[in-house]
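Along the sequence shown, residues are numbered consecutively beginning with 1. Quick note: numbers below take in every heavy atom, side chains included, and nothing from hydrogens, waters or symmetry partners.
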Amino acid sequence: MNLRTGQRSLRVAVVALALGLLAAWTGNAPASPAAKQATAPAMLTTTAPAPSAPALKTAAAEAAACLKCHEPIKAFRDDGRHQSVGCSSCHGNLPAHSANEKTRPTTNMDPAACGTCHKAQFDSQFTMNWNKAARKEKSLAPGPSPNPAWDKLMAPHGFTREHAEARSHMHMVLDQFVVDRAFGGRFQPKEGWEHLTKTGNYKVWDVIEDKYPGDTDQKVFKPGTAAAANPVCWSCKSADLILDWAYMGDPVPTAKWSRTSKVVELVKDVNHAMNCFFCHDPHSAKPRVVRDGLIDALTRPEKDTLFHADRKAAKIEVKDLGTRGHVRKIATLSRYDTKLQCGQCHVEYNCNPGFDATTGQAITMADRRTNLFPFKNVEGTLAHYTSVKFRDFRHAITGAGLIKSQHPDVENFYGSKHQRAGVECHDCHMPKVIDKKTGKQYTSHWQTSPKNYIKETCLGCHDKWDEKQAKYVIESLHHRVQGKTRKAEYWLVRLVDKFEEAKNLGVDEAVLNQARDKHAVAHQHWEWWTASNGHAFHNPDATIESLAKSMTTSQEGIKILDDAMGARRSVARAQAAPAAPASR
C-alpha cells in the first residue's frame, strides 16, 4: 500500500467511524445526504442550541478526515462558532469523496439549512412585502422614471423592455427569469399569474419552466422582449454557482461556469435566492463578502474606492479558497460592515457587454470589464468608466456613449449625514427586533424599508418624533427629490430633441460631438438616481446636487446646439438673400 492509498483509507475509516458513532448515539442509521442537508445548521451568527457531548465528539471526528486536506477551512472552523457542526450537516457524498478525491461532495445551498437553527432570522428573511407589487415598472406615471421620457432617454437599451421596481428578496431569482428584458420570454411561470401568491423559500424551478428547452441559444422568442441576461448578473441573484465559478468569472478548464458560458445553460443550476453565505461564512459563522467584483475593487492597488476613504470601515482579509484547480476568493471582515455586505449587490456594477469608448469596438463577455465594480460616487463612477474606456450603449438618437447604472444604493449612502454618524445599512433595514413568541431579541433579516420598522429604527435616535412624524419626513424627502428628477428629465429630453433638430439641419460633426459629451454627463447625473433605491433618504443633499448638475449640463448642451444652428441659419439666410442691384 503506497502513502496516498493509506491516507485515503484512513479518511474513509474516520468518516465511517463518525457515521457509525452518530448512529449509535442517536439510535438511528446514518442519514442520507438529502436528510443531512435538510437538517443543516445555520450560517448566521446567532448562537445555535448547545449540542450534547456525543454530538461534539461526532462533529470533531467527522471533521478530522476533511480537515487533513482542507486546511484553510480548519482555520475558519477553529476560530468560529460552528465547531460543533459536522461536515455532513452541509455536505453529502463524503465517504465517496474521501475514497476518491475526484468524486466531489455535494453542498447544500438552500437557506432552509440555516433556518433549522436560526428560525427567527430565516422566517423574517422570507417575509412577503405585500405593499410591493410585482412587475411594477419604473416607467409608470408615478414611478421613479416615467414615460414618455424614460423610453426616449434610454433607447435602445434592453431596460426599456421592462424596468420593474424591486420587491421582496425572496423573489430576486424568479423575477430575473421572467422579466421581459432578460431571456426573451423563454421562461414562464407554470401557473401563469397565479404564481404571484407564491411566498417563502421556494425553489425557482418549482415555479417556472423553459418553454423552449430544445434551444439553448440566448435570443428573443416573444415580441416586446429582449435577451440581455448574462452569466455575471447571476453572481448577485444567487450564490448557488459559487463553487463552480472561478475568480471574476474567468473561463478556466476547471470551472464549470464563466463569464463566457451560455447563460441559458448556466441558469439551470440556479434555484435559491439570497443564500445566507453571501454574508456569513458557513464554517466560522463570521462576516464576509464573496462577490468577486467587489473583492477586486477593494483590492485595487489604486485604493480609490469609497471603502478606502472610510476611516471607520471594517478591515478585510482576502483568502483564496480554490481547491478545484482554479482561484476562488472570499474576503473576511473584522466586524459586520453592511456597507460592504449589502454592497455585494446594491451597487453600480457592470455585468454586460458594451463597447470601447476609444475604438468603438465591441466589448464581449471575455473581457474582465464585464465584471467591474467602480465602487465610487456618481461623478467618480463616470470617470472610472471613462478611464477604462467602457460604455454600455449608444443612444438611439444622439449616438452618445452612455452608462446604464444598476442600483447604486451603497455608494449613495457613503458621505451622507447618517453614514458620517456611524449608521449602517442594517441599522435601518435589518434592526434588532423582539420575537413575539419567545420574547427574545434577534436581528430581523427582512431587508425592507425602515418605514416597516419605525420604532426600531428612526425613533431609536429621533426620540422626540412619533411614527407619523418619521414617515412624514421620509415621504417629504422623497417628493422633494422626485420633483428635481422630473426637472432633470425635462432638460435632458430637450437636449435630445434639440440634437435631432441640429443633426437634421446639418450641424458639423465636431459640434455634435461636443453635445454628445454633454449628453453623457447629463445622463449620468439623471439615470444614476432613477436606478437607485431609496436615494431620496440615503443622501438627499447629494441627490439634489447631482440632479442640478444634470439640468445645467443639458442646458449647456442645448446652447451649443442652438448657437451652431443659429450660425447655420444666418449663413443660409445670407446665401438666400437677393443680390443688391448694381449701381449706375
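When atom types are taken as modelled, the side chain of T370 and the backbone of D367 share a donor-acceptor pair closer than 3.5 angstrom. D508 places no side-chain N or O within 3.5 Å of a backbone atom of A510 that could act as its donor or acceptor partner. Distance alone, capped at 3.5 Å, is enough to place a donor-acceptor pair between the N350 side chain and the N352 backbone.
Using cut-offs of 30° and 60° for the angle between ring planes, the H407 and H346 rings count as tilted.
Counted within 6.0 Å of CZ on R486, heavy atoms from surrounding residues, nucleotides or ligands total more than 12; the atom is thus considered enclosed. For NZ of K487, the number of neighbouring non-hydrogen atoms (other residues, nucleotides, ligands) closer than 6.0 Å is 12 at most. No more than 12 heavy atoms of other residues, nucleotides or ligands shown are found within 6.0 angstrom of CZ on R480. Within 6.0 Å of CD in E265 there are more than 12 heavy atoms belonging to other residues, nucleotides or ligands.
For an aromatic pair to be called close, the ring centres must be under 6.0 Å apart, and Y472 with W465 fails this. Annotation: F537 is in aromatic contact with H418 [ring centroid separation under 6.0 Å]. For Y336 and H280, the ring centers sit closer than 6.0 Å to each other. H163 has its ring centre less than 6.0 Å from the ring centre of W150.
The pair K417-D541 fails the salt-bridge criterion, with no side-chain N (NZ, NE, NH1 or NH2) lying under 4.0 Å from an Asp/Glu carboxylate O. Residues D180 and R135 are paired through a salt bridge, judged by an N-O separation under 4.0 Å between the basic side chain and the carboxylate. Using a 4.0 Å cut-off between a side-chain N of Lys or Arg and a carboxylate O of Asp or Glu, K312 and D310 do not qualify as a salt bridge.
A cation-pi arrangement is present between R291 and Y349, with the terminal nitrogen or guanidinium carbon under 6.0 Å from the aromatic centre and inside a 45° cone about the axis.
Rounded to the nearest 0.5 Å, atoms CG (L153) and CG (L495) are 9.5 Å apart.
Counted by atom type alone, T381 and H384 present zero donor-acceptor pairs between their side chains at under 3.5 Å. N539 and T543 form no side-chain donor-acceptor contact under 3.5 Å, judged by distance and modelled atom types alone. Side-chain atoms of W529 and S546 form a donor-acceptor pair, as typed in the model, at a separation below 3.5 Å. Between the side chains of W234 and D240, no donor-acceptor pair of N or O atoms lies under 3.5 Å. Side-chain atoms of H157 and K404 form no donor-acceptor pair, as typed in the model, at a separation below 3.5 Å.
For the side chain to side chain contact (heavy atoms under 4.5 Å, CB included) test with C279, the passing option among H426, Q344, R288 is Q344; the others fail.
Scanning both residues, A273 and M172, for their nearest heavy atoms gives CB-CG, 3.7 Å.
At a threshold of 4.5 Å between non-hydrogen side-chain atoms, the residues F393 and M154 count as touching.
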Exercise. Does the pair E556 and K518 meet the rule for a salt bridge (charged side-chain N to carboxylate O under 4.0 Å, His left out), with working shown?
Worked result: CA-CA 7 Å; E556 291 168 0; K518 295 294 183 182; 2.8 Å; yes
Side-chain donor-acceptor pairs of residues 327-334 under 3.5 Å, sequence neighbours excluded:
from	atom 1	to	atom 2	distance (Å)
T332	OG1	E317	O	3.2
S334	OG	K315	N	2.8

